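Worksheet: the structure to be examined is printed underneath.
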Amino acid sequence: AALRALSSELREDLDALGYNVSDGSEQIIALEPGPEPKTLALRKLLEQHGVYGAMFCAPATAKNRSLVRLTLNSGLDRSKLARVVQACEDIRAQADLENWSSTRRSNRLALV
């Protein structure tokens with residue numbers, strides 16, 4: 001229950017920052033920039049802020065749907081989640097969040 005609450009809180013915070021993390025409710029949160037070079041840049045930006053995630057590219061994902069997976073665990077506290085949120089906020093412009101394929105998909109769905 002605690003892990004579910006932390007996951008939900010992080011998803012809400014990332015969603016408020018414009019990250020499309022609506023796909024799922026589990027403790028694994030995917031940040032999907034799209035093409036591999038953008039995903040590699042995202043991973044490097046996150047690591048510069050002390051946030052580490054696993055990068056998945058084709059053939060593990062569809063082509064141009066590469067992603068960085070953040071996996072939460074019940075040992076995390078709210079201060080660590082706040083650090084993840086702050087890192088994601090700080091890198092939005094550098095990561096070119098507005099032009100991610102997942103952001104464009106989310107925007108198209110919002111218009112329907």
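Since we're looking at a predicted model, the values are computed, not measured. Count residues from 1 along the sequence.
For D77 against S79, the heavy-atom pair with the smallest separation is OD1-OG, 2.7 Å. The two residues L10 and L81 come nearest to each other via the heavy atoms CD2-CD2, 4.1 Å. Closest approach of V21 to D15, counting heavy atoms only: CG2-N, 4.1 Å. Residues M55 and L40 share a closest heavy-atom pair of CE-N, 3.6 Å. Nearest approach of P33 to L67, heavy atoms of both residues: CD-CA, 4.3 Å. Counting all heavy atoms, side chain and backbone alike, T103 lies closest to G18 at OG1-O, 4.2 Å.
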### Task
Go through the steps to decide whether I91 and L97 satisfy the test side chain to side chain contact (heavy atoms under 4.5 Å, CB included), and finish with yes or no.
CA-CA 9 Å; I91 67 168; L97 175 62; over 6 Å; no

### Message
Checking S7 against E26 for the side chain to side chain contact (heavy atoms under 4.5 Å, CB included) test, could you report, in this order, the C-alpha distance in whole Å, the side-chain angles of both residues, the deciding distance, and whether it holds?
### Response
CA-CA 7 Å; S7 299; E26 61 282 333; over 6 Å; no

### Query
Is there a side chain to side chain contact (heavy atoms under 4.5 Å, CB included) between Y19 and I29 once you walk through the steps?
CA-CA 11 Å; Y19 289 88; I29 298 175; over 6 Å; no

### Query
Please walk me through it: do N99 and K38 pass side chain to side chain contact (heavy atoms under 4.5 Å, CB included)?
CA-CA 10 Å; N99 292 307; K38 280 188 176 188; 3.7 Å; yes

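In this structure, R69 CZ and T61 OG1 are separated by 11.5 Å, a value rounded to the nearest 0.5 Å. The CD atom of Q48 sits 11.5 Å away from atom CG of D90, with the distance rounded to the nearest 0.5 Å. To the nearest 0.5 Å, atom CZ of residue R105 and atom CZ of residue R65 are 4.0 Å apart. One distance of note links CG of L3 with CD of Q27; it measures 5.0 Å at 0.5 Å rounding. Atoms CD and CG, on E89 and L14 in that order, are 10.5 Å from each other to the nearest 0.5 Å.
Panel note: side chain S102, backbone E32; a donor-acceptor pair is recorded below 3.5 Å.
Crowding of E98 atom CD: a count of heavy atoms from other residues, nucleotides or ligands under 6.0 Å not exceeding 12.
Every residue meeting the side-chain hydrogen bond (donor to acceptor under 3.5 Å, both in side chains) condition with E9, not counting sequence neighbours, appears here in chain and number order: R78.
Clustering ILVMFWY residues whenever any of their side-chain heavy atoms sit less than 4.5 angstrom apart, transitively, puts L6 in the very cluster that holds L17. Taking hydrophobic clusters as Ile, Leu, Val, Met, Phe, Trp and Tyr residues chained together by side-chain heavy-atom distances below 4.5 Å, F56 does not share a cluster with V51. A continuous path of hydrophobic side-chain contacts links V68 to L45 [ILVMFWY only; heavy atoms under 4.5 Å].
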